[in-house]
There are 2 protein chains.
Amino acid sequence: MTRRVRLSDVAALAKTSTKTASRVINGHSRVGSDTRARVEQAVRDLDYRPDPLARSLRRGTDDTIGVVVDEVSDPFFASVIGEIERMALDRGMTVIIASTQRLADRERIVVDGLLQRRVAGLIIASISDDHAHLRSAPCPVVFIDRAAAGLQADAVLVDDRAGARMGVDHLIAHGHRRIAYLGDRLGIDTARYRLDGYRESHKVADIPVREEYLIHMEPSLADGRHITEDLLALPEPPTAVFSANTRCSLRVLPTLHRMGRTDVAFVSFGDFATFEALTPPVTVIDHSPESIGRLAADRLLRRMAGEELAAKTMTTPLHLVPRGSGEVAP
Amino acid sequence: MTRRVRLSDVAALAKTSTKTASRVINGHSRVGSDTRARVEQAVRDLDYRPDPLARSLRRGTDDTIGVVVDEVSDPFFASVIGEIERMALDRGMTVIIASTQRLADRERIVVDGLLQRRVAGLIIASISDDHAHLRSAPCPVVFIDRAAAGLQADAVLVDDRAGARMGVDHLIAHGHRRIAYLGDRLGIDTARYRLDGYRESHKVADIPVREEYLIHMEPSLADGRHITEDLLALPEPPTAVFSANTRCSLRVLPTLHRMGRTDVAFVSFGDFATFEALTPPVTVIDHSPESIGRLAADRLLRRMAGEELAAKTMTTPLHLVPRGSGEVAP
DNA sequence: CCGCTATGGGTAATCGATGTCAAACAACGC
DNA sequence: GCGTTGTTTGACATCGATTACCCATAGCGG
């Protein structure tokens with residue numbers, strides 16, 4: 001990092017004005033071919049690269065995509081982000097990731113912060129329930145995992161209700177009537193819809209829902225040990241567990257195994273590499289985080305390129321992968 | 001997002017100059033108490049927040065920490081990042097994450113990009129072998145996971161050689177003499193040192209190293225199926241596998257289980273939530289990604305706060321957690 | 001030879017905040 | 001009353017790039 005090379009240095013070396021140099025660099029309007037050549041040479045000689053800060057300040061926009069998620073260490077989001085990054089970087093764009101730790105007020109701060117930085121586009125897994133303030137956002141916004149409220153916008157979703165129904169129906173079909181539900185706290189849409197699916201399955205099968213079987217994990221709660229132990233210590237313990245997301249599954253499965261309670265059936269909404277290696281292998285409702293990332297990034301990049309598109313909600317396909325843990329009899 | 005409120009708007013409302021308003025906002029030097037009050041009122045009335053871009057441009061530095069890792073979806077880095085974010089956000093700083101996909105030339109680009117953005121500090125898991133160009137970096141730099149080459153700098157490391165020795169010694173102590181090594185390609189320091197440890201263990205125990213047991217996975221390689229199958233199809237297949245990192249373990253363990261080959265002993269350098277739930281549970285060399293993140297962030301934040309510190313290399317503790325897979329007899 | 005349109009290029013304002021420097025003013029001692 | 005010191009304050013330049021606006025030159029037809 002020697003002294004910064006500025007546009008004016010380039011212009012000086014090319015014996016022209018900054019304006020013309022700027023024209024060449026940004027490919028604008030007509031510039032004489034000899035002048036253009038001189039500027040290009042100077043750029044090369046000085047290894048000049050425009051200052052992204054100054055450029056954004058003037059242009060009012062940056063070539064950065066902002067991504068807002070709950071937590072990077074959540075394997076689901078980690079994969080989504082990985083895919084977004086891959087697509088963005090192919091196009092020479094930077095990605096800024098910010099996490100909300102599942103706190104609604106942090107989300108607001110974080111999103112505002114990104115907008116202040118004039119990101120060119122935003123991909124948000126929102127936990128807040130009001131996005132009206134994004135209506136006049138100065139850049140395209142794509143929602144992932146959870147839909148926008150009070151706002152027409154693109155969204156790439158998972159059919160939460162349907163997925164949960166698949167999983168719970170599957171357990172019911174295998175004879176279970178005492179099924180625990182494990183998910184995030186209900187403030188979060190995804191959790192609510194998945195719970196809805198759970199309830200619906202019960203209703204259709206005419207099984208009453210027992211409130212003591214519903215566990216809503218706080219974001220901060222470090223491990224699932226007590227939860228699992230308490231659940232199995234109930235006078236009438238569940239014979240099956242439906243876990244509404246990978247993160248919950250990762251917390252609870254180890255405890256279940258440590259307790260030797262693999263007789264409890266288990267279905268996870270969301271897969272993970274080692275799930276198939278457990279004994280019994282974990283039955284999952286699979287949805288591809290990569291394709292969510294890909295769809296979202298693609299949509300965003302197209303909007304950023306100026307395509308006029310109507311707001312659209314995309315849903316990624318789901319399928320049940322029976323592997324063993326979901327087929328254990330009660 | 002209505003029209004942007006600028007400092008001059010605040011100044012106008014408070015009937016003073018932009019400079020004075022700026023003084024109040026940044027708490028610099030002395031300002032008359034009545035003027036200060038007027039400015040503060042105006043800030044509140046207009047909901048003014050300084051433009052981070054303009055501020056950075058002028059100040060020459062941003063309140064953002066740049067983090068460079070191989071890949072966000074690597075569980076090890078995901079945890080490290082999670083911890084860095086938590087610490088940074090407590091102090092109101094933003095974190096920008098960029099990934100290199102384990103490509104040395106991308107690393108250079110990505111790092112330069114962050115420096116151009118005038119990040120206030122950098123945390124790098126570098127895969128390049130020359131950091132001389134960072135010697136005069138305009139901000140503090142802390143290396144994680146892999147040390148700096150050709151440069152005095154802080155680093156938070158894992159004792160790769162010692163960890164590998166622990167793991168391989170353990171396998172040897174349990175009677176194994178045919179031990180496969182599975183790691184990243186050797187261009188990466190971490191991989192090299194871990195392999196060194198593996199070799200050293202063999203030397204000490206007077207066991208020859210068989211080159212056909214050494215697997216160096218390419219970063220792009222999607223799954224470990226063929227690798228595992230090929231390894232076990234050798235005329236004299238290994239009776240044990242030492243996996244040099246969590247990512248490799250996550251790729252190989254499922255295949256091993258799918259093939260029903262849990263008679264092959266397995267030790268993983270790096271733990272993961274489900275490892276203890278497998279049958280047999282996975283013996284690991286445990287090192288805490290969170291504490292790496294914490295140490296690195298702490299060090300960086302202190303430097304950013306201006307503390308003068310001598311370059312220091314920190315090493316996080318390692319311990320062997322025997323769980324079963326590493327104690328399988330040959 | 002004049003006026004008109006292209007074309008290439010320069011000057012200076014701008015984005016929004018902050019640093020420099022000096023003016024304005026009060027208080028103080030003499 | 002005057003010089004001195006110290007506190008507030010503001011005009012202006014600056015960070016580095018982009019752009020609105022204007023000017024110069026050449027080529028053209030009449």
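Residue numbers begin at 1 in each chain, while the letters A, B, ... track the order of the sequences.
Residues satisfying the side chain to side chain contact (heavy atoms under 4.5 Å, CB included) criterion with B/Thr35, sequence neighbours excluded, are B/Thr16, B/Thr20, B/Val31, B/Arg38. In this structure A/Glu308 satisfies the side chain to side chain contact (heavy atoms under 4.5 Å, CB included) test with no other residue, sequence neighbours excluded. For B/Ala132, the side chain to side chain contact (heavy atoms under 4.5 Å, CB included) partners at least two apart in sequence or on another chain are B/Asp130, B/Arg135.
Contacts of B/Thr35 with the nucleic acid, taken as non-hydrogen atoms under 4.0 Å apart, involve only primed sugar atoms and P, OP1 or OP2.
In this structure, A/Asp298 contributes its side chain and A/Leu295 its backbone to no donor-acceptor pair below 3.5 Å. A donor-acceptor pair under 3.5 Å links the side-chain atoms of A/Asn26 to the main chain of A/Ser22, judged by distance alone.
For residues 76-94 of chain A, the salt bridge (Lys or Arg N to Asp or Glu O under 4.0 Å) pairs, not counting sequence neighbours, are A/Glu83-A/Arg86, A/Glu83-A/Arg294.
Put simply, NZ on B/Lys15 is 12 Å from P on D/dG10, counting in whole angstrom units. Between the CG atom of B/Leu53 and the P atom of D/dT14 there is a distance of 22 Å, rounded to whole Å.
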Taking only nitrogen or oxygen atoms into account, show me every contact under 3.5 Å that the protein makes with nucleotides 17-23 of chain D, one pair per line with its distance.
| from | atom 1 | to | atom 2 | distance (Å) |
| --- | --- | --- | --- | --- |
| D/dA17 | OP1 | A/Tyr48 | OH | 2.8 |
| D/dA17 | OP1 | A/Asp51 | N | 3.2 |
| D/dA17 | OP2 | A/Leu7 | N | 2.4 |
| D/dA17 | O5' | A/Tyr48 | OH | 3.3 |
| D/dT18 | OP1 | A/Asn26 | ND2 | 3.4 |
| D/dT18 | OP1 | A/Arg55 | NE | 2.7 |
| D/dT18 | OP1 | A/Arg55 | NH2 | 3.0 |
| D/dT18 | OP2 | A/Ser22 | OG | 3.4 |
| D/dT18 | OP2 | A/Asn26 | ND2 | 3.3 |
| D/dT18 | O2 | A/Arg58 | NH1 | 2.5 |

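With DNA chain D read from its 5' end, the first of the two nearest nucleotides for B/Leu57 and B/Ser17 is the one closest to B/Ser17.
Terminal axes of the helix from C/dC1-D/dG30 to C/dC30-D/dG1 (five pairs each, C1' rotation axis) are separated by 70°, to the nearest 10°.
No more than 12 heavy atoms of other residues, nucleotides or ligands sit less than 6.0 Å from atom CD of A/Gln152.
Rounding to the nearest 0.5 Å gives a distance of 8.0 Å between CZ of A/Arg108 and OG of A/Ser128.
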